[in-house]
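Here is the structure we will look at.
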Protein chains: 2
Amino acid sequence: MSCQEIEKVSLVKAKMKSDQCFQDLSETFKALSDPTRTKIIYALYLEEELCVGDIAAIIGTSDSVISHQLRTLRNMKLVRYHKAGKVAFYSLDDVHINNLFAEGLRHVEEM
Amino acid sequence: MSCQEIEKVSLVKAKMKSDQCFQDLSETFKALSDPTRTKIIYALYLEEELCVGDIAAIIGTSDSVISHQLRTLRNMKLVRYHKAGKVAFYSLDDVHINNLFAEGLRHVEEM
DNA sequence: TAAATGTTTGAATAATTGTTCATATTTGCA
DNA sequence: TGCAAATATGAACAATTATTCAAACATTTA
């Protein structure tokens, strides 16, 4: 275990967050780390509310893929949904996700 | 292929970004989707510049783990480095990453 | 030159994950 | 009741990935 600047190390070490915090943080980012999921989020970012079949039609994949990924996004609390008859309408869960996504989009578009 | 609201679908479809865009977007988020990497980024977010051994000491893992992940972060253009003798000093590459990370941190801390 | 230090690299392993395909579930309608 | 539509689910497969360990590389110093 090498160490160049022991003061720097203990300073940063003292300010470190909990493992749980980094776990949550990385999981939030992980939710947006798949192209299919970013497409879904972007679609819901443009249109308040969409059902599974419509998202599949927009993105051009099977309903099954979308349903699986929506479940992931639901578990990660990025989207919520309500059912009307046999149709399930999904929307973004929370404003922070909106900001986070927009920030990522800005970053990519300035690349 | 079911479709509830064909106008919505074509509207969103027309505004869709390129596959490349979503690829880049998801890869940016993927860079931050691992706890070890978020720890590294957070350390460099607190301290402008750190060397491999010091990051390892801060996080409490082997130099090898840090070096591997720093390579990933380097490939993804999130960090840059310069060598002084045998010591390699790393820092965050770009301001957008700073914003993106801060936004994620804000989100997690309000959970 | 030889030893020590800081970092990198490669192979191997275990674990996670996205998609596919088939099947189930639920609701609406004939 | 029976059938179609919308969504969800589970198992299986291939692909990716984080970590470990050992070894290599480069640089400094004795």
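Naming: A, B, ... by sequence-line order, numbering from 1 per chain.
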When rounded to the nearest 0.5 angstrom, what distance separates CG in N98(B) from CG in L78(B)?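 Those atoms lie 11.5 Å apart.
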
Just verifying a value: how many Å separate Y42(A) OH and L25(B) CG, rounded to the nearest 0.5 Å?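 Between atom OH of Y42(A) and atom CG of L25(B) there are 10.5 Å.
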
Evaluation steps, side-chain contact (heavy atoms from CB on, under 4.5 Å), between E109(B) and K17(A): CA-CA 11 Å; E109(B) 287 182 335; K17(A) 309 266 180 192; 2.6 Å; yes

May I have the distance from [X] (atom [atom1]) to [N] (atom [atom2]), rounded to whole angstrom?
{"X": "K39(A)", "N": "dT19(C)", "atom1": "NZ", "atom2": "C1'", "value": "13 Å"}
{"X": "H82(B)", "N": "dG6(C)", "atom1": "NE2", "atom2": "P", "value": "17 Å"}
{"X": "D63(B)", "N": "dA26(D)", "atom1": "CG", "atom2": "P", "value": "18 Å"}
{"X": "Q23(A)", "N": "dA18(D)", "atom1": "CD", "atom2": "P", "value": "13 Å"}
{"X": "Y81(A)", "N": "dT7(D)", "atom1": "OH", "atom2": "P", "value": "12 Å"}
{"X": "I40(A)", "N": "dT19(C)", "atom1": "CD1", "atom2": "P", "value": "9 Å"}

Cationic tip of R80(A) within the cone over Y90(A)'s six-membered ring, i.e. under 6.0 Å and within 45° of the normal?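 No, a cation-pi geometry is absent between R80(A) and Y90(A).
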
Tell me whether the side-chain N/O atoms of T61(B) come closer than 4.0 Å to OP1 or OP2 in dT19(D).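 The answer is no; no side-chain N or O of T61(B) sits under 4.0 Å from OP1 or OP2.
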
Could you walk me through whether K8(A) and E49(B) pass the salt bridge (charged side-chain N to carboxylate O under 4.0 Å, His left out) test, one step at a time? CA-CA 10 Å; K8(A) 264 195 184 185; E49(B) 197 171 72; 5.4 Å; no

Do K30(A) and E27(A) sit within salt-bridge range, that is, some charged N less than 4.0 Å from a carboxylate O?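 A salt bridge is absent here (no side-chain N lies under 4.0 Å from a carboxylate O).
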
Name every residue in residues 64-78 of chain A that has at least one heavy atom under 4.0 Å from any atom of DNA chain C, in order of residue number, or write none if there are no such residues.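 Nucleic-acid contacts, sorted: S64(A), V65(A), H68(A), Q69(A).
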
Show, in sequence, the C-alpha distance, side-chain angles and deciding distance for D19(B) and K39(A), and conclude whether the salt bridge (charged side-chain N to carboxylate O under 4.0 Å, His left out) test is met. CA-CA 9 Å; D19(B) 275 10; K39(A) 285 176 189 175; 3.3 Å; yes

Close approaches to DNA chain D from residues 84-92 of chain A, in residue order (heavy atom, under 4.0 Å):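 Within this stretch, K86(A), V87(A), A88(A), Y90(A) sit under 4.0 Å of the strand.
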
Show your reasoning for whether ring pair (Phe, Tyr, Trp, His ring centres under 6.0 Å) applies to Y81(A) and F89(A). CA-CA 5 Å; Y81(A) 79 118; F89(A) 290 100; over 10 Å; no

Parallel, tilted or perpendicular, judged at 30° and 60°: which one describes the rings of H107(B) and H96(A)?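 Rings of H107(B) and H96(A): tilted, as their planes differ by 30° to 60°.
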
Toward the 5' end of DNA chain C, which comes first, K30(A) or K83(B), by nearest nucleotide?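 Of the two residues, K83(B) wins.
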
